[in-house]
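Values below: every heavy atom of this structure, side chains too, minus hydrogens, waters and symmetry copies.
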Amino acid sequence: MQNILNVKAFFALFLVTFSFTSCSDYLDREPMSEYLSSDFYNNEGAIKQGATACYALLKMDHTNGSSSNIPLSILWDMYTPFGIERADNSSMGVGNIDSRTNFTPEFIWATLYTSVARCNSVLDGAAPFYNTLSDKAKVYLAEIKVLRAHYNMQLVSLWGDIPYFETSVTAEQLKNMTRTPWREVVDKIMIDLEEAASILPWEASEWGRVDKSVALGLKARMGLYAGSWCKFGFGRDAVKDEAQAEIYFKESAAAAKRVINESGRDLAINYKDLFTRTGQMKSDVKKESMLLMMFSDFGDKSYHYMSLGEQCRMIGQSGRFPTQQLVDTYEMKNGKRIDEVGSGYDPKKPFISRDPRLKETVYTHHDTIIGNTGSNKMKFLMELFNPQTKSWDETGAEKMVANLDYEGSVAQYGYVFSGVGFAWKKYNHFDDEASATPTYNIHLMRFAEVLLTYAEAKIELNELDATVFNAIDRVRARVGMPGILTVDPTRENSQAKMRQIVRRERKVELAKEALMLFDMRRWRTGALQNAEPTYGYPLPVGVDASKGIYPDGYEQATSDMVPSYGEPGSERDLNDIASYAKFAAKLRMRDKDRTWEDKFYLWAIPQTERNKCPWLTQNLGYGE
């Protein structure tokens, strides 16, 4: 299977038909193949069917060729210092995995290009009949154009210059195909999105379909990314272009402003409702949810395994964990960073009085966890330091039970000894459905991001006005956080401080939503964020299992165990990147050899593709 997906992927993705013998094994899995006759897409019903198939690949081919049933984009935050995978030093995120030959980026490349090809097939098939089509059919085609832009946006963000295809391509045409410069790709994506927005309604006919706000929201995202790449650099040795950056930031701000002012979109009342199946059915949550991987309400109606690998060992599997660097990005409830004078931060009780989004995103020591396998629903206390923990049955009766996350045959894979003391809560609060077959939808874009995109684009333009402050404060106000100027009035006229707070908000608001990898790259904070190993909970001193002595590491923490954020005004300080070097020996540590090279700002073109397509150049730093 790996040989089929990787070695043949590039050629497989762009053929006009699905009948070429050399790629038949790969392409036969395409459900669209039976419909690709010359005149199939000449009516509304057929085009709607084609569009639905294009939507299916928003799920990142989560079942195709993989028994894990995990949407591939779920892994992207695990490739930053905010998340880790189970095996020490064996993740793309720690810098010692070669992206030229690793299966995951090769599979992502193939999946995204398959998605582009599917969109092009429908658009090409309908083109001869466009003038005779119904208005509804034209809306479906505009939806497909937005989806194609989304897939291409991911490709250009991950690889930079890419082979770009606006139509289906034959094998013969591929012989002369090269990588299109990333700015040209960005401009084509922006044009696609603007054209689609001119056709799409503000409110889609069916929940889960693309509407005008999604098209403009993606345009705002693309403009923000491209502006950052021009301003701060893209790839290893990128050339900066401040004038072009300004153009992109203006386009980003303008697109986001239209969504904010005209779409009728708004924030959900409760942050936590965004990430549970029950919550997502509420009307106010649907107003915020813009683009989703739909698992129960649209398309093929299935389930996924995202949460199956993010449970505590008390109730399920575990393979992905949050880190201390993420946890220490969250402010105190009073809006101060944990190292600031007057913050009230206590290393012995580090999770008290924090930004409420922390506890809705990350399970921490002594949190109450609900686990639900479908046949077994369990409520228990998250315990890092003791082989016993509290559990409650459905009547509320309490009992002590074996803590499988600390001791036992599976403990080595849990959040204590494989992670660094934290588990993901976002999407994983299972009071309403089983963790192995969840049907909650996975966000690809929501209104909160659009607000923060608008604010960031305006900040990079140094246009600091009330609309910027209000956009950030709307996101913070939902969870009861104070206004940014109330906390620090000097932010009002400081581009550096405003850049700091909007970046901080993106990190804590959008954690585990497949955006941090791209943010880290466009802000060029890779070297700073990856300068240290992955750290976590304080190691307990005086453990004596023979006597049943299991001290709580947090109770032993000392007042000096507050991370440093560098000198005031430094890049580390203004990007809120915690350093634990001064007390690292007291902490659980993982990924000791975590490294960073600037070539990591882009992945390598998969070597298997270059072997078959030698005219493809390689990204800088990965050799020829």
Side-chain angles (χ1 to χ4, degrees), residues 80 82 153 157 186 190 193 213 216-234 240-242 244-261 265 267 288 290 329 331 357 443-478 481 483-485 487-488 491-511 513-526 528-529 571 573-577:
T80 76
F82 281 3
M153 188 184 306
S157 299
V186 166
M190 301 281 272
L193 291 168
S213 66
L216 292 174
L218 286 173
K219 184 180 180 184
R221 182 191 286 179
M222 185 77 271
L224 184 68
Y225 284 13
S228 300
W229 297 336
C230 286
K231 186 168 186 174
F232 303 113
F234 193 30
K240 300 177 184 180
D241 187 338
E242 291 276 355
Q244 185 61 46
E246 182 176 349
I247 292 171
Y248 283 135
F249 285 134
K250 285 183 176 179
E251 289 187 275
S252 174
K257 186 177 182 180
R258 289 185 63 190
V259 178
I260 294 168
N261 292 344
R265 295 280 183 177
L267 296 174
E288 177 166 355
M290 294 173 60
T329 305
E331 299 170 352
R357 288 170 292 189
H443 293 279
L444 296 172
M445 172 172 283
R446 52 190 179 88
F447 185 64
E449 182 199 343
V450 175
L451 288 168
L452 296 176
T453 293
Y454 172 76
E456 186 177 351
K458 292 276 284 184
I459 290 165
E460 293 305 333
L461 292 166
N462 205 20
E463 297 176 357
L464 309 182
D465 58 31
T467 65
V468 176
F469 311 135
N470 290 340
I472 299 173
D473 280 347
R474 280 180 72 178
V475 177
R476 291 168 62 88
R478 170 175 42 197
M481 293 298 290
I484 58 174
L485 299 185
V487 175
D488 183 359
R491 287 173 171 150
E492 184 172 11
N493 298 306
S494 171
Q495 184 185 38
K497 288 188 176 182
M498 287 301 297
R499 179 183 293 140
Q500 175 188 33
I501 193 62
V502 77
R503 290 183 179 185
R504 186 187 298 173
E505 279 299 307
R506 282 186 68 92
K507 293 172 188 176
V508 301
E509 173 72 22
L510 304 170
E513 296 185 45
L515 293 172
M516 185 56 207
L517 175 65
F518 303 110
D519 286 351
M520 181 182 75
R521 288 175 164 200
R522 66 188 180 85
W523 297 333
R524 293 189 77 81
T525 58
L528 282 173
Q529 286 193 257
E571 283 298 301
D573 172 46
L574 292 175
N575 283 285
D576 299 313
I577 301 171

OG of Ser157 to CE of Met222, rounded to nearest 0.5 Å, is 4.5 Å
Applying ring-ring contact (aromatic ring centres under 6.0 Å, His included) to Phe234 and not counting sequence neighbours gives Trp182, Trp229
Residue set satisfying side-chain contact (heavy atoms from CB on, under 4.5 Å) with Asn575, at least two apart, ordered chain then number -> Arg503, Lys507, Thr525, Glu571, Ile577
Taken in chain and number order and not counting sequence neighbours, the residues that satisfy side chain to side chain donor-acceptor pair (under 3.5 Å) with Gln244 are none
For Phe249 and Leu224 the tightest heavy-atom approach is CE2-O, 3.7 Å
d(Leu452 CG, Ile501 CD1) to nearest 0.5 Å is 10.0 Å
Derivation of the side chain to side chain contact (heavy atoms under 4.5 Å, CB included) call for Glu492 and Leu464:
CA-CA 7 Å; Glu492 184 172 11; Leu464 309 182; over 6 Å; no
Applying side-chain contact (heavy atoms from CB on, under 4.5 Å) to Leu444 and not counting sequence neighbours gives Leu58, His150, Leu291, Met293
Residue set satisfying salt bridge (Lys or Arg N to Asp or Glu O under 4.0 Å) with Arg357, at least two apart, ordered chain then number -> Asp355, Glu505, Glu509
Tyr454 and Val468 have their tightest heavy-atom pair at CE2-N, 4.3 Å
Minimum side-chain heavy-atom gap Ile484-Asp473 below 4.5 Å:
yes
**Message:** Can you confirm whether Leu267 sits close enough to Leu451 that some side-chain heavy atom of one is under 4.5 Å from a side-chain heavy atom of the other?
**Reply:** yes
Between Arg491 and Val487, the two heavy atoms sitting closest are NH1-CB, 3.9 Å
- Task: Assess whether side chain to side chain contact (heavy atoms under 4.5 Å, CB included) is satisfied between Gln500 and Asp573, documenting all intermediate values.
- Result: CA-CA 9 Å; Gln500 175 188 33; Asp573 172 46; 4.2 Å; yes
Those residues at least two apart in sequence (or on a different chain) that pass salt bridge (Lys or Arg N to Asp or Glu O under 4.0 Å) with Glu331 are Arg476, Arg504
*asked:* Measuring only between side-chain heavy atoms, which start at C-beta, is Tyr225 closer than 4.5 Å to Asp519?
replied: yes
The salt bridge (Lys or Arg N to Asp or Glu O under 4.0 Å) partners of Asp241 (sequence neighbours excluded) come to Arg183
Residues at least two apart in sequence or cross-chain that pass side-chain contact (heavy atoms from CB on, under 4.5 Å) with Asn470, listed by chain then number, are Ala466
Side chain to side chain donor-acceptor pair (under 3.5 Å) filter on Arg474, not counting sequence neighbours, yields Asp266
Note: Ser213 and Met290 closest approach over all heavy atoms is O-CE, 3.2 Å
Rounded to the nearest 0.5 angstrom, the CZ-CE distance for Arg221 and Met445 is 4.0 Å
Under a 3.5 Å threshold, yes or no: a donor from one side chain and an acceptor from the other, between Glu456 and Trp523?
yes
Across all chains, not counting sequence neighbours, the side-chain contact (heavy atoms from CB on, under 4.5 Å) partners of Glu463 are Lys458, Leu461
Could you go through Val450 and Arg265, starting from their C-alpha distance and side-chain angles, then the distance that decides it, and tell me whether this counts as side chain to side chain contact (heavy atoms under 4.5 Å, CB included)? CA-CA 10 Å; Val450 175; Arg265 295 280 183 177; over 6 Å; no
ask   = Does the side chain to side chain contact (heavy atoms under 4.5 Å, CB included) test come out yes or no for Met516 and Leu510, once each step is laid out?
value = CA-CA 8 Å; Met516 185 56 207; Leu510 304 170; over 6 Å; no
Could you give the side-chain donor-acceptor pairs of residues 251-260 under 3.5 Å, partners two or more places apart or in another chain?
from: Ser252; atom 1: OG; to: Ala220; atom 2: O; distance (Å): 2.7

Scanning both residues in full, the closest heavy-atom pair of Arg524 with Phe232 reads CD-O, 2.6 Å
One should read off an interatomic distance between Ile247 CD1 and Glu242 CD, to the nearest 0.5 angstrom, of 12.0 Å
SG of Cys230 to NZ of Lys240, rounded to nearest 0.5 Å, is 11.5 Å
On a heavy-atom basis, the closest approach of Arg478 and Ala448 is NH2-CB, 4.0 Å
Lys231 meets the salt bridge (Lys or Arg N to Asp or Glu O under 4.0 Å) criterion, sequence neighbours left out, with Glu460
Partner of Glu513 under side-chain contact (heavy atoms from CB on, under 4.5 Å), picked from Glu449, Arg446, Arg506, is Arg446
Output for pair (Phe82 CZ, Leu517 CG), nearest 0.5 Å, gives 12.0 Å
